[in-house]
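Both counts, for ligands and for their atoms, begin at 1 and track the order of listing. What you see is a predicted model; the values in this text were computed from it and never measured.
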Amino acid sequence: MAFPVVRVAELERFVGSPVTIQGWLLHHRSSGRIDFLVIRDGSGEVQVVVRGEALELLNSETWRGAGQESALAVTGLVRRDSRSPLGVELEATQIRLIQAARDYPISPKEHGVDFLLDHRHLWIRSPRQAAVLRLRAAVMRAIRDFLDRNGFVEADPPILTPAAAEGTTTLFDVDYFGEHAYLSQSGQLYMEALAMALGRVYAFGPTFRAEKSKTRRHLTEFWMVEPEIAFCDFEQNLGWQEELIAAVVAEVRERCRRELTILGRDLAALERVRTPFPRISYDEALARLKAAGMELAWGEDLGAPHEAALALQFDRPVFLHRFPAAIKAFYMQPDPARPEVVLAADLLAPEGYGEIAGGSERIHDYELLEQRMREHQLDPAAYGWYLDLRRWGSVPHSGFGIGIERLVAWIGGLEHVRETIPFPRMLNRARP
Ligand code: 4AD
Ligand code: MG
């Protein structure tokens, strides 16, 4: 007789019935007449109790040495079990060995991070890493849900691009049939063109920066969501960002309880993430930093320690706005009341996570944009199409970019962004 094949996460619906699950062996404990297996199948983990006839396979020659990560199919009766996090366990009636795995390199003991990263293709199977990847997927879905229900159209900018969007020092150069092309650092410039076509748009994809930074927040390949909005000023842009972040945190708290618990996340910290988020200007930030013994001269850029010190003064994300124009990108709109600063903001996450989003109102005036390009040593001829946007129907518009890995690291309470992407690319690592 064939029993329904179900996933571990669905077992609770089958209490009292025989079912089959398929998965991998996480743990095997033997105590003579009764064995306990923990099986994971990607949706969750369940304890399997094996005794009587069902034990035959486990005592046979076929099984000998089958260890962690052996692939199995187990048929059995689903029983309530109040001690298990899942609320159920399986009493095995039949076990089928699909592949016997021996000497799995990642044991429950501690491994160094380089060893784990070298084995990333296997490390992702560990319950903690799998929880992070489910969290990442949930965060991405919540972002799309929010933007889609607010009338944004997802539109994909190119990845091979002819010119820099975020400074010329971090470009990955690609030989494009004898010409130079660069991997996209940001889809923003193209999103501005798309916003003039569709009103509200967003890009969601990988971006690349040849950044020689070895920190817990830097990857050379990372994912960004980049909304761009026509007829949107600086203040409205901040409004979109805080609504989006608050909605994503609320949804993920709801949908990812189990993952956040596995990660040991302090849920109270996430509950405080409510709008409005505080806003402090660059000038105010300098005053706060001075008071904290971290003095910076006006015009200097903030480093990670400065960001962390500021963010620690708040219990929710905080906008840092109106930076000196000279330390920011060429396309940012100067503040009409004070042209030496730009209408740009970074969003700093609490608990020391630092910048998770950057955004600005864009220059919509042709002459000013061209002048800024020159000041930034960029050749306006290389940006002809981008300048065109200021010739036909140019309107005030704004947008922002959120780094997915940094957002997931903060929401999940993770130490380093390298765990938030399936296969991290960093300064000294492009494998596996
Ligand atoms: O602040 P950034 O450089 O802004 C832009 O690229 C804008 N063009 C976005 C826009 O307005 N459409 O990058 C945006 C975010 C940062 O706040 C950070 O979260 C993330 O991207 N980010 C990185 N994440 C991981 N590794 C890196 N090397 C990152 N560089 C930026
Ligand atoms: Mg930035």
Side-chain angles (χ1 to χ4, degrees), residues 136 139 143 147 152 155-157 161 163-172 182-195 200-229 232 234 237-238 240-241 244-245 248 282 301-304 306-307 311 317-321 323 327-333 342-349 353-363 386 397-411 414 416-421 424-427 429:
R136 174 186 172 98
V139 165
I143 292 171
L147 293 170
F152 285 74
D156 310 313
T161 58
E166 292 294 328
T168 50
T169 57
T170 64
L171 287 169
F172 277 114
Y182 307 101
L183 296 182
S184 174
Q185 301 163 304
S186 158
Q188 181 196 315
L189 308 189
Y190 295 94
M191 300 320 289
E192 291 182 54
L194 286 159
R200 292 178 185 173
V201 292
Y202 67 98
F204 210 137
T207 45
F208 306 85
R209 299 206 188 164
E211 242 160 340
K212 300 238 162 76
S213 313
K214 228 180 142 183
T215 77
R216 60 195 194 91
R217 312 191 297 155
H218 284 90
L219 297 168
T220 54
E221 175 177 320
F222 62 98
W223 281 59
M224 236 203 295
V225 61
E226 295 187 88
E228 191 70 31
I229 313 143
C232 176
F234 179 66
N237 193 33
L238 300 189
W240 279 113
Q241 291 178 57
L244 171 57
I245 296 287
V248 168
Y282 172 85
D301 207 354
L302 279 70
H306 306 106
E307 286 183 5
V318 52
F319 286 112
L320 193 53
H321 62 87
F323 297 91
I327 56 170
K328 285 291 182 181
F330 72 93
Y331 52 73
M332 293 176 177
Q333 176 71 41
V342 282
L343 295 177
D346 284 353
L347 184 63
L348 309 183
Y353 281 91
E355 179 190 335
I356 50 170
S360 60
E361 185 173 327
R362 325 301 192 188
I363 294 175
Y386 185 64
H397 62 286
S398 303
F400 58 94
I402 304 176
I404 299 304
E405 291 74 21
R406 291 193 188 172
L407 179 63
V408 173
W410 163 54
I411 294 179
L414 302 167
H416 199 297
V417 289
R418 67 185 164 219
E419 286 183 48
T420 65
I421 186 163
R425 298 292 176 249
M426 295 175 288
L427 181 53
R429 178 171 294 278

Under a 4.0 angstrom heavy-atom cut-off, which atoms of ligand 1 come close to [X]?
X: Gly403; result: 15 (C), 19 (O), 20 (C), 21 (O)
X: Gln188; result: 7 (C), 8 (N), 10 (C), 11 (O), 12 (N)
X: Gly401; result: 9 (C), 10 (C), 11 (O), 12 (N), 14 (C), 15 (C)
X: Met224; result: 6 (O), 14 (C), 21 (O)

| message | For a side-chain contact (heavy atoms from CB on, under 4.5 Å) check, start with the C-alpha distance between Arg136 and Ile404, then their side-chain angles and the critical distance, and finish with the verdict. | response | CA-CA 8 Å; Arg136 174 186 172 98; Ile404 299 304; 4.1 Å; yes

| message | If the condition is salt bridge (charged side-chain N to carboxylate O under 4.0 Å, His left out), which residues does Arg406 pass it with, not counting sequence neighbours? | response | none

If you measure every N/O of [X] against every N/O of ligand 1, is any gap under 3.5 Å?
X: Glu166; result: yes
X: Ile356; result: yes
X: Ile402; result: no
X: Glu226; result: yes

Report yes if the side chains of [X] and [Y] come closer than 4.5 Å at any heavy-atom pair, otherwise no.
X: Ser398; Y: Trp240; result: no
X: Leu347; Y: Phe400; result: no
X: Lys214; Y: Met426; result: no
X: Thr161; Y: Leu189; result: no
X: Val417; Y: Thr420; result: yes
X: His321; Y: Phe234; result: yes
X: Pro227; Y: Arg200; result: no
X: Val225; Y: Leu407; result: no

Under 4.0 Å, heavy-atom basis, I'd like to know which part of [X] is in contact with ligand 1: side chain, backbone, both or neither.
X: Glu355; answer: both
X: Arg362; answer: side chain
X: Ala357; answer: backbone
X: Arg217; answer: backbone
X: Tyr331; answer: side chain

| task | Please state whether Leu219 comes within less than 4.0 angstrom of ligand 1, counting heavy atoms only. | result | yes

| said: Checking a contact table here: which protein heavy atom is nearest atom 28 (N) of ligand 1, and how many Å away? | reply: Glu211 OE1, 2.7 Å

| Looking at atom 18 (C) of ligand 1, what's its closest protein heavy atom, distance included? | Arg406 NH1, 3.5 Å

| task | Could you check whether the rings of Phe172 and Phe208 sit parallel, tilted or perpendicular, using 30° and 60° as the cut-offs? | result | perpendicular

| query | Out of Met191, Glu221, His218, Arg209, whose heavy atom is nearest to atom 3 (O) of ligand 1? | reply | Arg209

| task | Would you indicate which of Phe222, Trp223, Phe400 comes nearest to atom 23 (C) of ligand 1 when only heavy atoms are counted? | result | Phe222

| message | One thing to verify: whether Arg418 and Glu405 come together as a salt bridge, which I'm taking to mean a side-chain N less than 4.0 angstrom from a carboxylate O. | response | no

| Pi-cation contact, Phe222 with Arg425 (under 6.0 Å, within 45°) | no

| field | Chi angles and distances behind the side-chain contact (heavy atoms from CB on, under 4.5 Å) call for Glu307, Arg217 | value | CA-CA 12 Å; Glu307 286 183 5; Arg217 312 191 297 155; 3.2 Å; yes

| request: Take Leu302 and Leu320 through the side-chain contact (heavy atoms from CB on, under 4.5 Å) test and state the conclusion after the steps. | output: CA-CA 11 Å; Leu302 279 70; Leu320 193 53; 3.6 Å; yes

| said: Less than 2.8 Å away from the Mg ion (ligand 2), how many protein N/O/S atoms can be counted, ignoring water? | reply: 1

